[in-house]
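Note sheet for the following structure.
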Amino acid sequence: MIKATTINEVKENVREWKRQGLTIGLVPTMGYLHEGHASLIERARKECDKVIVSDFVNPIQFGPKEDLATYPRDFEADCKLCESLGTDLIFHPEPEEMYLDGFHSYVGVDTLSAELCGKSRPIHFNGVCTVVSKLFNISEADKAYFGQKDAQQLAIVKRMVRDLNYNIDIVGCPIIREDDGLAKSSRNIYLNSDERKKALILHKALTKGEELVREGEKDVKKVIKTIRDIIESEPIARVDYVEIVDWNELQKIDKIEGPILAAVAVYIGEKVRLIDNFVVE
Ligand code: PAF
């Protein structure tokens, strides 16, 4: 496995692979890899000749009061996992390599970025779109793999690719969960053992909500109330949002008629904010 820290190293390898007519799959990550990331890498491995994993904690998608400094990092473990899954190249640049002095160019998708997590994280999705655009250009990938755990991110990246005519297929992959249902996330490491147990309330609430929708409940308010009530039955859980939006535009709806995304963001304890969701197509 090639370990690249510079954009030029990645481009040189990509140039050679393209010359040989090989297809490239990109798995963008911020590192501290878990089974969720592994599932994306495995899918890319099956579908593409060459697999690039980017491992970069992207500073411009963190707000001033967010966890950029403490975001978990373990590049050695990431390399082991990537190598065991047959990754061809891991790209691990320093922030200065990605953002040169005088960097002033940003990419953003408005409207879709304003709802859900965009309300409490106003700069987040522009930071994501900008780094993802750079990674698409650097890797010249044919396909890029994103988890549905970050459903809003997935919808926004798909829209950016459509609107700006990027030559890449975006592959959305299912949420990977722990055996007890907690969605895998690098940030789960922040939970102490009591919070870890209580965090299961997200999955419990969403499972009930999904059951209602699949049984034919059309009233959004009713489904949201059911989800919110279950979450709020757990004293250390504080709801940031519980929302149901249409899965294409991510705008609020009153009635469930087409594909929907039901998404929650919940603080468990003082500081740990977890997200989870379900989609009904
Ligand atoms: O989902 C993530 O880990 C990040 O938002 C991404 C897509 C790697 C961009 O930094």
Minimum side-chain heavy-atom gap [X]-[Y] below 4.5 Å:
X	Y	value
V239	V264	no
C82	L33	yes
T29	F146	no
F125	C117	yes
I260	F278	yes
Y190	V272	yes
I52	V27	no
V245	L116	yes

task: Verify the ring-centre separation between F56 and H92: is it less than 6.0 angstrom?
output: no
What's the shortest heavy-atom distance between [X] and [Y], and which atoms?
X	Y	value
D88	K50	OD2-CA, 3.2 Å
V266	A237	CG1-CB, 3.9 Å
P95	P59	CB-CG, 4.2 Å
Q61	R121	O-NH2, 3.8 Å
F136	A144	CE2-CB, 3.6 Å
M160	C129	SD-CB, 3.7 Å

Using 4.0 Å as the upper bound for N to carboxylate O, is an ion pair formed by [Y] and [X]?
X	Y	value
K271	E195	no
K46	E42	no
K218	E257	no
R15	E140	no
K119	E243	yes

query: Between Y267 and R238, is there a cation-pi geometry (under 6.0 Å to ring centre, at most 45° from the normal)?
result: yes
Between [X] and [Y], is there a donor-acceptor pair closer than 3.5 Å when you use the side chain of the first and the backbone of the second?
X	Y	result
D246	K252	no
R196	L200	no
R162	N165	no
E178	D180	no
T87	L89	no
D240	A265	no
D74	Y32	no
E12	E9	no
D150	Q153	no
R228	T226	no

Would a single hydrophobic cluster contain both [Y] and [X], if residues Ile, Leu, Val, Met, Phe, Trp and Tyr are joined by side-chain heavy-atom contacts under 4.5 Å?
X	Y	value
I231	I244	yes
V51	L81	yes
V128	L40	no
I189	M30	yes
F75	L135	no

- request: Take I230 and I201 through the side-chain contact (heavy atoms from CB on, under 4.5 Å) test and state the conclusion after the steps.
  value: CA-CA 7 Å; I230 296 175; I201 202 69; 3.9 Å; yes
query: For E115 and Y241, what are the C-alpha separation, side-chain angles and deciding distance, and is it a side chain to side chain donor-acceptor pair (under 3.5 Å)?
result: CA-CA 10 Å; E115 295 298 324; Y241 66 75; over 6 Å; no
message: Go through it in stages, so that I can follow the logic: the residues are V57 and L68, the test is side-chain contact (heavy atoms from CB on, under 4.5 Å), and I'd like the CA-CA distance, side-chain angles, deciding distance and then a yes or no.
response: CA-CA 8 Å; V57 181; L68 172 62; 3.8 Å; yes
Gap between atom [atom2] of [Y] and atom [atom1] of [X] - 0.5 Å precision:
X	Y	atom1	atom2	answer
R43	L85	CZ	CG	15.0 Å
R273	D67	CZ	CG	10.5 Å
N13	N8	CG	CG	11.0 Å
M1	K80	CE	NZ	11.0 Å

- prompt: Checking side chain to side chain donor-acceptor pair (under 3.5 Å) for the pair D49/T23: CA distance, chi angles, key distance, verdict?
  reply: CA-CA 5 Å; D49 297 318; T23 58; 3.2 Å; yes
Which atom pairs, one a donor and one an acceptor, fall under 3.5 Å between side chains of residues 99-113 and the rest of the protein, sequence neighbours left out?
unit_1 : atom_1 : unit_2 : atom_2 : d
Y99    : OH     : N58    : OD1    : 2.6
S113   : OG     : V109   : O      : 2.5

- line: Across all chains, not counting sequence neighbours, the side-chain contact (heavy atoms from CB on, under 4.5 Å) partners of A199 are L182, L191, I268, L274
field: Working for side-chain contact (heavy atoms from CB on, under 4.5 Å), residues S133 and Y166
entry: CA-CA 9 Å; S133 295; Y166 284 85; 2.8 Å; yes
Tell me if the [atom1] atom of [X] is crowded by more than 12 foreign heavy atoms within 6.0 Å.
X	atom1	value
K18	NZ	yes
K11	NZ	no
D254	CG	no
E76	CD	no
K143	NZ	yes

- prompt: Looking at K225, K222, K208, which hits salt bridge (Lys or Arg N to Asp or Glu O under 4.0 Å) with E217?
  reply: K222
Could you pull out every donor-acceptor pair under 3.5 Å between side chains of residues 170-177 and any protein atom, sequence neighbours left out?
unit_1 : atom_1 : unit_2 : atom_2 : d
R177   : NH1    : G181   : O      : 2.8
R177   : NH1    : H203   : ND1    : 3.4
R177   : NH1    : D276   : OD2    : 2.9
R177   : NH2    : D276   : OD1    : 2.9

field: Identified side-chain contact (heavy atoms from CB on, under 4.5 Å) partner of F91 from the options I7, D55, V53, T5
entry: I7
message: Please evaluate residues L26 and S139 with respect to the criterion side-chain contact (heavy atoms from CB on, under 4.5 Å), reporting the C-alpha separation (whole Å), side-chain torsions for both, the decisive distance (0.1 Å), and the verdict.
response: CA-CA 7 Å; L26 170 71; S139 68; 3.7 Å; yes
